[in-house]
Amino acid sequence: MANTVTEDLTLEQASAEAGELTTRILEARDAYYDRDAAIYSDDEYDHFIRRLEELERLFPELQSQDSPTQTVGGRAETTLFAPVTHAERMLSLDNVFSIDEFDQWAVRVERDSDRHVDYLCELKIDGLAINLRYENGVLTTAATRGDGVVGEDVTDNIRHVKIIPQRLRGTGHPPLVEVRGEVYFEVETFRKLNAQQAEEGERIFANPRNAASGSLRQVRENKTQAQLDRMYRRLSGLSMLVHGIGAWQNPPVASQSQTYELLKEWGLPTSTHFRVKSTKEGAAEFIQYYGENRASVEHEIDGIVIKVDELALHEELGATSRAPRWAIAYKYPPEQVNTKLLDIVVSVGRTGRVTPFAVMEKVRVAGSEVRQATLHNQDVVKAKGVLIGDTIVLRKAGDVIPEVLGPVVELRDGSEREFVMPTRCPECNTVLAPAKAGDVDLRCPNAENCPAQVRGRVEHIGSRGALDIEALGEVAAAALTQPRIPVKPPLHTEAGLFDLTIDELLPIEVIVRDAETGLEKADPDGVIRVRSPFRRNPTSAEKKAGLTGPQPSSSALTLLAEIQKAKTKPLARLLVALNIRHVGPVAARALADYFGSLEAIRSATRDELAEVDGVGGIIADALIDWFEVGWHRDIVERWAAAGVQFTTPGHPGPGAAAVGGVLSGLTVVATGTLDGFTREGAQEAIIAAGGKAASSVSKNTDFVAAGPGAGSKLAKAEQLGVRIIDAEQFRRLVDEGPDAV
DNA sequence: CACCCTCGAGTTCA
DNA sequence: CTCGAGGGTG
């Protein structure tokens, strides 16, 4: 990774050094462009660049599109796009990384100003800076930022971006005006773009910024008509927001916020996410707010820009050689970090699907520590182009799920090796095969006996969506199916679950594994440590009473009691617990309501099954196929023999139509914490009232009941204009129907 | 045929 | 909670 000297740097020191290097590099470039005189030698110049790259690697938060390391190539680089000299230099902004640093900046600004300062706070879009030149109201040139002085001419491509006007609205435009803004892809558009790229076998973009940059740099030459169409489609999907004006003599406005109003009147796209705050504390609140609500914005943001609102103060405060003094960028901690890919290993899920995942050097990203991330399947591993041993870029998609973006190719040293998908199941050594020809996913066909699959199914049975058995989670499932040799596993498959006895539980021993590495833990003398989760030593009182042997632990007692209770759980839950393909909570509920008993489902024909709302030919086939397997039938028989009730009491029999309720025909989504309801209780209430409890918001959704903690679903509802109600209204909705709210 | 939806899996936190 | 895959529906 890095040398030892730089590892002791703090972020602030690194930031200062990076700023200095940037200044020198830009000076060197300026000198090169302006005249043929170089102020630094080529060697020195290269050294600056390399050092800056190293700092950015150590501190990813220092990276920005403004960085000289991001602008194309060195000094003499020729590109496919003609160079354009901006009428006025495009400055970059200085960065701060904490509220403290921001405060220091604001104190300085207020000290240097002789009157009250208002701050305009806006989002810093993670996109591509563009300069639009309008002459007498007509778009003449669009250029990338480049090094700030000279950019690339991308006018032809920009003309395909729908949202950018070719001609300004109204009259009285200045003869020459340069408008600065950010071109970017909205998160949703970006997702669709990448999906499409993947489908067409084209390159996947690591992030919206790369996609925007790549799209704007496309050239027309040597393209087929189909490729041209695709190029134009991509360009038209780009978004832009303008945030400033370059060359302009005597503007008719007095503040930055008025400038935005004017730009808007001209028909240029301006952001709605900005606020003018009268104190620096107010600005800090704005920073805080979006730090916590980054995901609620339709585009990616990497920070906040704070500008002094009054334009006259801009003049008075001036600028350094690199950045204005009247604005600052607050950079959020990066969502992207670099780490080492130590290995790629595969796991086997309860369905037998084999999934490769990345094992990484532990790293902190977006507030939590991550060491693993899924790689989905071997095609994804290949598409991402990562090799074991690579330094890789990692981020949290949607702030939660760790995602490997790709390798840092420049940091390879030749010792990296390619991942090879195993041909045999890592847990039972059965030869892996796709479920059907042409499938990407490989599966372990040994469903009955593969320990990973049995363990997974047993755990699934205990899960909340299935029988919700307390004390039957990951640990208990592993203990029951794979205790330490030589203890015989009490469960060979899930068929024996309801026959478990305390005598079978007591002798179970499991190997203690390190929570972080998953490796077996051993005592200092090398003896592997084991634990007996289902027994405890007798208390002294028990010893006195003559009970000298080991006693069942409380989790053993809970487990057995909960298993007893599960025998009479609703039919739908039992169906989910059977692990039938494509039958999850929703399909199971529909089947249970329609047929009323497992026997009725078993004896139904394919067509009869497909009668059920939400069940089609494929789920019907999956059900019929499932009942044809001997060991599946064995599960049902043994559970029934143990007393499991596979019949809904009082059900009138197959084909019973659902009765209407106050919510009949309406679709409701519950999200966040609804006072007086549990997550499941809310769903139950919707169904009980005859409504449909959907899990995602779409335009078919009639109501979204949102409580505190509601996330993206609420945002989606707002976007789609779906009626949003609170817990109180929700209660009335399910009690009295839609007219009551 | 184009949405819209559910399933299934992975992941980490409180 | 989110994504991709693939099923279901209008």
Side-chain angles (χ1 to χ4, degrees), chain A residues 187-188 190-192 194-199 204 295-296 345-360 362-377 379-380 383 394-404 434-436 438-441 443 452-453 456-457 459-460 463-466 474 515-516 518 575-576 579-591 609-623 667 669-673 679 683 692-701 709-716 720 722:
Chain A
V187 176
E188 183 60 21
F190 169 71
R191 206 182 55 72
K192 285 184 186 154
N194 254 358
Q196 200 169 3
Q197 292 281 110
E199 205 172 293
I204 307 281
S296 74
V345 286
V346 298
S347 67
V348 183
R350 75 180 159 98
T351 63
R353 206 172 109 181
V354 176
T355 314
F357 64 93
V359 179
M360 298 162 293
K362 186 159 76 179
V363 68
R364 203 170 175 80
V365 51
S368 59
E369 298 209 312
V370 175
R371 86 172 37 245
Q372 291 186 358
T374 180
L375 289 165
H376 305 288
N377 59 48
D379 280 13
V380 173
L394 180 79
R395 74 156 173 190
K396 287 262 202 95
D399 254 9
V400 185
I401 314 290
E403 181 189 6
V404 173
K436 58 179 197 300
D439 263 12
V440 190
D441 292 338
R443 303 193 108 90
Q453 295 185 60
R457 289 200 302 269
E459 188 186 338
H460 176 243
S463 72
R464 255 194 324 190
E474 195 182 338
E516 287 193 344
L575 270 173
V576 175
N579 280 293
I580 303 170
R581 282 273 242 149
H582 305 131
V583 179
V586 176
R589 175 98 196 196
L591 286 160
L609 290 168
E611 277 295 297
V612 178
D613 191 28
V615 177
I618 294 179
I619 293 184
D621 284 342
L623 284 158
T667 301
V669 174
T671 181
T673 316
R679 188 174 291 273
Q683 305 236 323
K692 204 170 154 199
S695 56
S696 59
V697 179
S698 71
K699 63 173 192 234
N700 294 339
T701 310
S712 61
K713 286 177 198 170
L714 178 58
K716 182 112 191 239
L720 291 171
V722 173

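As the structure is a prediction and not an experimental result, all values here were calculated from the model. Scope of the values below: all heavy atoms of this structure, side chains included, with no hydrogens, waters or symmetry mates. So that the names make sense, note that chain A is the first sequence line, chain B the second, and so on, each numbered from 1.
- Protein atom CE of A:Met360 is 8 Å distant from nucleotide atom P of B:dT11, rounded to whole Å.
- Atom CZ of A:Arg464 is separated from atom P of B:dG8 by 17 Å (rounded to the nearest Å).
- Counting all heavy atoms, side chain and backbone alike, A:Ala622 lies closest to A:Ile580 at O-CG2, 4.0 Å.
- The listed nucleotides are B:dT6, B:dT12, B:dG10; the one nearest the side chain of A:Val586 is B:dT6.
- Comparing atom distances between the A:Ile618 side chain and each of B:dT11, B:dA9, C:dG7 picks out C:dG7 as nearest.
- In the set C:dG8, B:dG10, B:dT12, B:dG10 carries the atom at the smallest distance from any side-chain atom of A:Ser347.
- Listed nucleotides B:dC7, B:dT11, B:dG10 differ in distance to A:Ala587; the shortest reach to its side chain belongs to B:dC7.
- Residue contacts shown for A:Gly349 are absent, as no nucleic acid heavy atom lies under 4.0 Å away.
- For the pair A:Ile619 CD1 and C:dA5 C1', the computed distance is 14 Å after rounding to whole Å.
- Between the CG atom of A:Leu375 and the C1' atom of B:dT11 there is a distance of 13 Å, given to the nearest Å.
- The interatomic distance linking A:Arg371 (CZ) with B:dT11 (P) rounds to 12 Å, in whole Å.
- Across every non-hydrogen atom of A:Gly349 and A:Gln453, the tightest pair is O-CG, 3.5 Å.
- When every heavy atom of A:Pro402 is checked against every heavy atom of A:Leu394, the shortest pair comes out as CB-CD1, 4.4 Å.
- Set against B:dT11, B:dA9, C:dG8, the side chain of A:Thr355 has B:dA9 as its closest nucleotide.
- Look at CG on A:Asn579: it is 13 Å from C1' on B:dA9, rounded to the nearest Å.
- Nearest nucleotide to the side chain of A:Pro585, out of C:dG8, B:dC7, B:dA9: B:dC7.
- Between the CD atom of A:Gln372 and the P atom of B:dC13 there is a distance of 12 Å, given to the nearest Å.
- Note that CG of A:Leu591 is 7.0 Å distant from CG of A:Leu609, once rounded to the nearest 0.5 Å.
- Rounding to the nearest 0.5 angstrom, the gap separating the NE2 atom in A:His376 from the CZ atom in A:Arg353 is 9.0 Å.
- Comparing B:dG10, C:dG8, B:dG8 against the side chain of A:Thr374 picks out B:dG10 as the nearest.
- Between A:Arg350 and B:dA9 there is a side-chain polar atom (N or O) within less than 4.0 angstrom of OP1 or OP2.
- B:dG8 atom P lies 14 Å from atom CD of A:Gln453, rounded to whole Å.
- Closest to the side chain of A:Pro402, out of B:dT11, B:dG8, C:dG8, is B:dT11.
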